[in-house]
Amino acid sequence: AMEPYCNLSFSSCLLPESVISATELELLTQNVVLAHQETCQFRQENLHVLRWETFSTPEMQSFHHKPMDQMWERCVCHVTDAIQYIVEFAKRLSGFMDLNPNDQIVLLKAGAMELLLLRMSRAFNCYNSTVYFEGKYAQLELFHSLGCIDLISAMFDFCHILGVLNLSEHEIAFYSAMTLLDPCRPWLQDKQKVETLHRKLQVAFRHLLRRTHREGIISKLPHKERLSAICQLHLEKLNVFQQMYPGIAWERFPPLYKELFISEPDNS
Ligand SMILES: O=S(=O)(c1ccc(F)cc1)C1(c2ccc(OCc3ccccc3)cc2)CCCC1
């Protein structure tokens, strides 16, 4: 099939807005990979050396006996830390800061937890189903006191699916950028602008996969419905937690987490 872009000798040819030049393709790929590398929070090599360091039974017990609200507060703080890196990733993606501020917030509100799950798969050991948590790798059981083991096991399953694909940092970078810059997010004002960015990312990602003979993973990447279902479940569990511990979320959860996941109480 015709290459998705004109080569430089025809640089004067009229490029339909969705097609991208070879140079722009290369610059976009560098931008996405660098934005991810600079904001990935934990380096792959550091996670790798720890991946067989699991919590001992006594340590597991201590997590088990933690009160639900304490465990929630710890996880919510880790989420907030992780999301600060995700916000930084977004800001470094070419085109994101040119979007209007409303659309930047819309994309981060809808995509932050999804990107957190994609990044969490980097810290998942799919050989013993453990995930990096507070310095070591934890089994599912450790999170029992959160009272939302169905949410946590859905996250584990998701990380397992991605872990089996053994995605490279480049692939995770593109998967993250395309998840964030999703033109189908509700309430977008300038959908067209996000669409153009998304299409350029698609061309660049396909180009990378072709170059690395990894086209096969496209059909194996989880559908976005799966990602949004887990994020929906998180919001439901957060709601249940707020019913059980009224006031804790408002008093103890970081502002960024509240901004993203807790809708203003309707004062009606
Ligand atoms: O280290 S973590 O706290 C962690 C928690 C559970 C787990 F199984 C593995 C890791 C962290 C994370 C925290 C909450 C998450 O969902 C939302 C959630 C779930 C349950 C309670 C509160 C929030 C997802 C991930 C990993 C990435 C960033 C922090």
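In each ligand, atom 1 is the first atom listed, and ligand 1 is the first ligand listed.
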Next on the checklist: Any side-chain to backbone donor/acceptor pair from Gln70 onto Pro67? Under 3.5 Å, distance only.
Outcome noted: no

Checklist entry - Between Phe158 and Leu235, is there a shared hydrophobic cluster once you connect ILVMFWY residues whose side-chain heavy atoms come closer than 4.5 Å? => result yes

Next on the checklist: I need the atoms of ligand 1 closer than 4.0 Å to a non-hydrogen atom of Met155, numbered in the order shown.
Outcome noted: 6 (C), 7 (C), 8 (F), 15 (C), 16 (O), 24 (C), 25 (C)

Checklist entry - What's the verdict on salt bridge (charged side-chain N to carboxylate O under 4.0 Å, His left out) for Glu134 and Lys66, showing C-alpha distance, side-chain angles and the deciding distance? => result CA-CA 15 Å; Glu134 298 189 357; Lys66 279 196 192 330; over 6 Å; no

Item to check | Closest protein heavy atom (residue, atom, distance) for atom 1 (O) of ligand 1 | outcome: Phe133 CD1, 3.2 Å

Checklist entry - What part of Leu238, side chain, backbone, both or neither, has a heavy atom within less than 4.0 angstrom of ligand 1? => result neither

Checklist outcome for this item: Judged by heavy atoms only, the candidate from Gln139, Arg122, His234, Met120 nearest atom 18 (C) of ligand 1 is His234

Item to check | Atom indices of ligand 1, in the order listed, that fall short of 4.0 Å to a heavy atom of Ala82 | outcome: 28 (C)

Checklist entry - What part of His78, side chain, backbone, both or neither, has a heavy atom within less than 4.0 angstrom of ligand 1? => result both

Checklist entry - Should you measure from each heavy atom of Met113, which atoms of ligand 1 turn up under 4.0 Å away? => result 17 (C)

Item to check | Any donor-acceptor N/O pair, Lys109 side chain to Glu259 backbone, under 3.5 Å | outcome: yes

Checklist entry - Would you say the side chains of Arg51 and His48 form a donor-acceptor pair under 3.5 Å? => result yes

Next on the checklist: Please work out, at 4.0 Å between heavy atoms, whether the side chain, the backbone, both, or neither of Phe241 comes within that distance of ligand 1.
Outcome noted: neither

Checklist entry - Do you reckon Met120 sits in the same ILVMFWY cluster as Ile83, going by side-chain contacts under 4.5 Å, direct or chained? => result yes

Checklist outcome for this item: The atoms of ligand 1 lying under 4.0 Å from a heavy atom of Phe156, numbered in the order shown, are 8 (F)

Checklist outcome for this item: The protein heavy atom nearest to atom 13 (C) of ligand 1 is Val79 CG2, 3.2 Å

Item to check | Phe205 reachable from Leu93 in the ILVMFWY side-chain graph, under 4.5 Å edges | outcome: yes

